Amino acid sequence: MEPSLDFVVAIPARHAASRLPGKPLRLLGGEPLVLHVARRALAAGAREVWLATDDARVAEAVDGVAGVRVAMTSPDHASGTDRLAECAAIAGWDDETVVVNLQGDEPFAPPGGIREVARTLVDSEAPMATLAEPVADVETLFDPNTVKLVRAASGDALYFSRAPLPWPRDAFARDRSVLPGGGHWLRHIGIYAYRAGFLQTFSRMPPGVLERVESLEQLRVLEAGHRIAVSLAPEPFPPGVDTPEDLERAEARLRALGA
């Protein structure tokens with residue numbers, strides 16, 4: 001790990017998840033899910049790792065873990081971004097601090113990917129950065145739960161959508177059952193890096209029209225005219241945990257990794 005890359009990781013973790021109540025504390029390999037995520041952040045070499053939560057039970061899950069601090073945040077936040085903005089204020093980070101937002105349901109997030117999103121922010125000088133990976137099959141391209149993105153030649157995001165973008169007009173006019181050649185499609189990976197000062201700016205922005213249409217918070221940033229730099233993930237990001245079925249798959253993956 002290059003010592004010059006200086007960043008912190010903040011993990012927003014809300015106990016009252018709608019699809020999987022108590023998600024941060026659900027057991028994976030006999031340990032709370034959020035504890036696995038915190039270990040991933042530590043393995044990435046972050047200068048500081050903070051858990052931002054509104055529930056004492058979630059805070060207790062990382063109690064005694066060296067290198068992990070807790071920010072008790074308001075239960076009234078509308079989004080994880082707002083929770084992170086409060087965490088940044090509690091932590092006292094200056095405006096230039098590179099903050100990686102690692103979701104609390106990503107127990108297999110590769111440390112190299114966590115570092116890559118921080119590096120992308122630093123190298124691009126954009127106020128915000130994220131990662132993507134190629135779409136491998138047509139089912140993923142048409143899945144509205146999988147967010148796609150298109151980016152400029154510079155690497156900056158042009159748009160994020162639940163729709164299959166870009167749309168290969170001629171190929172799909174003939175057949176929509178297979179993915180055409182060309183490799184133009186990217187799946188968004190929901191990990192972000194921000195300058196701490198921009199995190200405060202972001203949290204104060206009103207939701208935009210595009211965000212409300214697509215239910216994608218990152219569109220608020222693009223609609224307001226700010227840059228989001230995008231890099232390809234250096235290795236695959238396994239799916240996060242949103243449902244009981246996801247948790248079962250994660251348990252199976254953990255067993256396979258330990259085999």
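All figures in this text were calculated on a predicted structure; none of them were measured in a lab. Heavy atoms only: backbone and side chains are in, while hydrogens, waters and symmetry mates are out.
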Task: Validation row: Ile228, Phe160 side chains within 4.5 angstrom (heavy atoms) - done: yes

- [ ] Report yes if the side chains of Val241 and Leu33 come closer than 4.5 Å at any heavy-atom pair, otherwise no.
- [x] yes

Open item on the list: Test your reading of the model: is there a side-chain donor-acceptor pair from Arg162 to the backbone of Ser215, 3.5 Å cut-off?
Closed with: yes

Task: Residue pair Val138 / Val178, side-chain heavy-atom distance below 4.5 Å - done: no

Task: Stepwise side chain to side chain donor-acceptor pair (under 3.5 Å) test for Asp175 and Ser177 - done: CA-CA 6 Å; Asp175 185 0; Ser177 66; 2.6 Å; yes

TODO: Give the minimum heavy-atom separation between Gly67 and Leu42, together with the two atoms involved.
DONE: O-CD2, 3.8 Å

Task: Stepwise side-chain contact (heavy atoms from CB on, under 4.5 Å) test for Ser203 and Glu86 - done: CA-CA 9 Å; Ser203 70; Glu86 184 182 359; over 6 Å; no

Task: ring-ring contact (aromatic ring centres under 6.0 Å, His included): pairs with one or both residues in residues 10-38, sequence neighbours excluded - done: none

TODO: Before giving the answer on side-chain contact (heavy atoms from CB on, under 4.5 Å), spell out for Val147 and Gln218 the whole-Å C-alpha distance, their side-chain angles and the decisive distance to 0.1 Å.
DONE: CA-CA 11 Å; Val147 178; Gln218 63 269 40; 4.1 Å; yes

TODO: Decide yes or no for His184 and Pro168: does some side-chain heavy atom of the first lie under 4.5 Å from some side-chain heavy atom of the second?
DONE: no

TODO: Check for a donor-acceptor pair, side chain of Arg57 on one end and backbone N or O of Leu25 on the other, with a separation under 3.5 Å.
DONE: no

TODO: Any chance you could measure Met128, atom CE, to Thr81, atom OG1, to the nearest 0.5 Å?
DONE: 6.5 Å

Task: Flag side-chain contact, heavy atom, 4.5 Å: Pro166 against Trp185 - done: yes

TODO: Consider only side-chain heavy atoms of I, L, V, M, F, W and Y, link residues closer than 4.5 Å, and tell whether Leu165 and Val221 are in one cluster.
DONE: yes

TODO: Could you tell me the separation between the CD atom of Glu211 and the CE atom of Met205, rounded to the nearest 0.5 Å?
DONE: 10.5 Å

Open item on the list: A side-chain contact here means heavy atoms from C-beta on lying under 4.5 Å apart; do Phe108 and Leu28 qualify?
Closed with: yes

Task: Expected output: side-chain Asp143 to main-chain Thr140 donor-acceptor under 3.5 Å - done: no

TODO: Can you see which heavy atom on Arg40 is nearest to which on Pro107, and at what distance?
DONE: NE-O, 3.3 Å

Open item on the list: Are Ile189 and Phe7 connected into the same hydrophobic cluster when the rule is that any two of I, L, V, M, F, W, Y join if their side-chain heavy atoms are below 4.5 Å apart?
Closed with: yes

TODO: Identify the two heavy atoms, one from Ser161 and one from Glu214, that lie closest to each other, and give their separation to 0.1 Å.
DONE: OG-OE2, 2.8 Å

Open item on the list: Under a 3.5 Å cutoff, is there a donor and acceptor pairing between the side chains of Thr97 and Asp94?
Closed with: yes

Task: Reported CZ-to-CD distance for the pair Arg212 and Glu223, which is rounded to 0.5 angstrom - done: 8.0 Å

Open item on the list: If hydrophobic clusters are built from ILVMFWY residues whose side chains come within less than 4.5 Å, do Leu84 and Val62 share one?
Closed with: no

TODO: Supply the members, apart from Leu27, of the Ile/Leu/Val/Met/Phe/Trp/Tyr cluster built from side-chain contacts under 4.5 Å; use none for a lone residue.
DONE: none

Task: ring-ring contact (aromatic ring centres under 6.0 Å, His included) contacts touching residues 198-256 (sequence neighbours left out) - done: Phe198-His226

Open item on the list: Do Val100 and Ile191 make a side-chain contact, defined as non-hydrogen atoms from C-beta onward lying under 4.5 Å apart?
Closed with: yes

TODO: Using side-chain contact (heavy atoms from CB on, under 4.5 Å) as the criterion, point out the one residue from Val117, Val49, Ile114 that pairs with Leu102.
DONE: Ile114

Open item on the list: Walk me through whether Asp54 and His77 qualify under side-chain contact (heavy atoms from CB on, under 4.5 Å).
Closed with: CA-CA 9 Å; Asp54 59 357; His77 289 308; over 6 Å; no

Open item on the list: Using a 6.0 Å distance limit plus a 45 degree cone around the ring axis, check whether Arg176 lies over the aromatic ring of Phe142.
Closed with: no

Task: Shared hydrophobic cluster, Leu232 / Leu5 (ILVMFWY, side-chain heavy atoms < 4.5 Å) - done: no

Task: Closest non-hydrogen atom pair, Ala126 against Leu121 - done: O-CD1, 3.1 Å

TODO: Can you see which heavy atom on Ala152 is nearest to which on Leu158, and at what distance?
DONE: N-CG, 3.6 Å

Open item on the list: Rounded to the nearest 0.5 Å, what separates atom CG in Leu186 from atom NZ in Lys148?
Closed with: 11.5 Å

- [ ] Side-chain contact test, heavy atoms from C-beta onward, threshold under 4.5 Å: evaluate it for Pro12 versus Gln103 and give yes or no.
- [x] yes

Open item on the list: With clusters defined by side-chain heavy atoms of hydrophobic residues (ILVMFWY) lying less than 4.5 Å apart, directly or transitively, does Val8 cluster with Val98?
Closed with: no

TODO: Please answer whether the main-chain N or O of Val135 pairs with a side-chain N or O of Arg187 as donor and acceptor at a distance below 3.5 Å.
DONE: no

TODO: Looking only at non-hydrogen atoms, find the nearest pair between Thr120 and Ser231 and report the distance.
DONE: OG1-OG, 2.8 Å

TODO: Indicate yes or no: does Glu116 engage Arg119 in a salt bridge with an N to O separation below 4.0 Å.
DONE: yes

Open item on the list: Rounded to the nearest 0.5 Å, what separates atom CG in Leu35 from atom CG in Leu51?
Closed with: 10.0 Å

Task: Gap separating the CE atom of Met72 from the CD1 atom of Ile90, nearest 0.5 angstrom - done: 9.0 Å

Task: Main-chain N/O of Pro127 paired with Arg195 side-chain donor or acceptor, under 3.5 Å - done: no

Open item on the list: Distance alone, cut at 3.5 Å: any donor-acceptor contact between the side chains of Glu217 and Tyr192?
Closed with: no

Open item on the list: Applying side chain to side chain donor-acceptor pair (under 3.5 Å) to Thr73 and Arg83, what does each step give before you reach the verdict?
Closed with: CA-CA 6 Å; Thr73 54; Arg83 194 173 307 283; 2.9 Å; yes

